[in-house]
Amino acid sequence: MGDLKHIFAVKFKEGVIVEEIIKAMEKMVSDIEAVKSFEWGHDTGGNEMMTQGYTHVFTMTFRNSDDFTAYIGHPSHVAFSTTMLEAIEKGVMFDFPAVVVKSSA
């Protein structure tokens with residue numbers, strides 16, 4: 001089994017300065033050693049029926065469930081979660097052990 005993945009797709013509320021949220025998120029994950037990697041992106045014009053209004057996706061990788069648990073309870077994550085929840089209109093989250101079929105390296 002591979003790493004543990006944490007994926008969060010969101011639609012931000014009208015008027016939210018998305019760049020500020022992302023900058024705060026980048027700082028948060030940089031402060032938490034348990035986060036192995038962090039990536040994010042935004043939709044570039046996909047089909048509305050398929051995206052259902054979600055505009056951004058955030059992906060974190062953890063070595064194992066213990067690291068994920070450490071992340072969830074970390075004070076920086078707890079504080080940031082309030083900010084993020086206030087900024088989003090809707091979101092969907094998945095946490096799963098990755099099954100690697102083809103590695104990029």
Side-chain angles (χ1 to χ4, degrees):
M1 191 176 326
D3 296 326
L4 184 74
K5 299 286 186 173
H6 173 68
I7 297 177
F8 190 37
V10 303
K11 176 181 180 183
F12 288 100
K13 290 178 181 175
E14 200 67 37
V16 168
I17 302 172
V18 175
E19 295 79 14
E20 289 180 4
I21 299 294
I22 292 171
K23 188 173 184 171
M25 187 176 232
E26 289 173 346
K27 180 179 180 344
M28 185 239 345
V29 298
S30 295
D31 292 343
I32 302 175
E33 189 174 318
V35 178
K36 181 178 176 182
S37 67
F38 171 68
E39 299 171 316
W40 70 270
H42 62 86
D43 183 57
T44 58
N47 181 317
E48 174 66 25
M49 183 183 84
M50 297 301 289
T51 63
Q52 297 182 27
Y54 293 99
T55 58
H56 291 74
V57 66
F58 303 93
T59 303
M60 292 182 201
T61 303
F62 300 89
R63 288 172 194 80
N64 52 49
S65 60
D66 290 340
D67 282 357
F68 179 67
T69 300
Y71 162 75
I72 293 297
H74 193 282
S76 293
H77 173 257
V78 172
F80 177 77
S81 294
T82 301
T83 301
M84 183 63 134
L85 289 174
E86 291 173 355
I88 63 171
E89 182 175 318
K90 65 179 182 173
V92 63
M93 185 181 305
F94 291 96
D95 302 312
F96 60 95
V99 177
V100 178
V101 175
K102 180 178 179 182
S103 177
S104 62

For the atom pair CD1 (Ile21) and CH2 (Trp40), what is the distance rounded to the nearest 0.5 Å?
12.5 Å

Validation row: Phe8, Ile88 side chains within 4.5 angstrom (heavy atoms):
yes

Lys/Arg cation over aromatic Phe94: Lys5, 6.0 Å, 45° cone:
no

Are the side chains of Lys36 and Tyr71 in touch, meaning some heavy atoms are under 4.5 Å apart?
no

Within 6.0 Å of CD1 in Ile17, more than 12 heavy atoms from elsewhere
no

Would you find a donor on one side and an acceptor on the other, under 3.5 Å apart, between the side chain of Lys13 and the backbone of Glu86?
yes

Side chains of Lys27 and Phe80: closer than 4.5 Å at any heavy-atom pair?
no

Would you say that more than 12 heavy atoms from the other residues, nucleotides or ligands in this model lie under 6.0 Å from the NZ of Lys90, or not?
yes

Rounded to the nearest 0.5 angstrom, the OG-CE distance for Ser81 and Met25 is 8.0 Å

How many angstroms lie between atom OG1 of Thr69 and atom NE2 of His74, to the nearest 0.5 angstrom?
13.5 Å

Roughly how far, to the nearest 0.5 Å, is NE2 of His6 from CZ of Phe96?
11.0 Å

So, applying side chain to side chain donor-acceptor pair (under 3.5 Å) with Ser37, which one of Thr59, Asp3, Thr61 is it?
Thr61

Least distance between heavy atoms, Lys11 atom then Tyr54 atom:
N-CD2, 3.9 Å

His77 side chain to Ile72 backbone, donor-acceptor under 3.5 Å:
yes

Is the ring pair His56/Phe12 parallel, tilted or perpendicular, if the boundaries are 30 and 60 degrees?
perpendicular

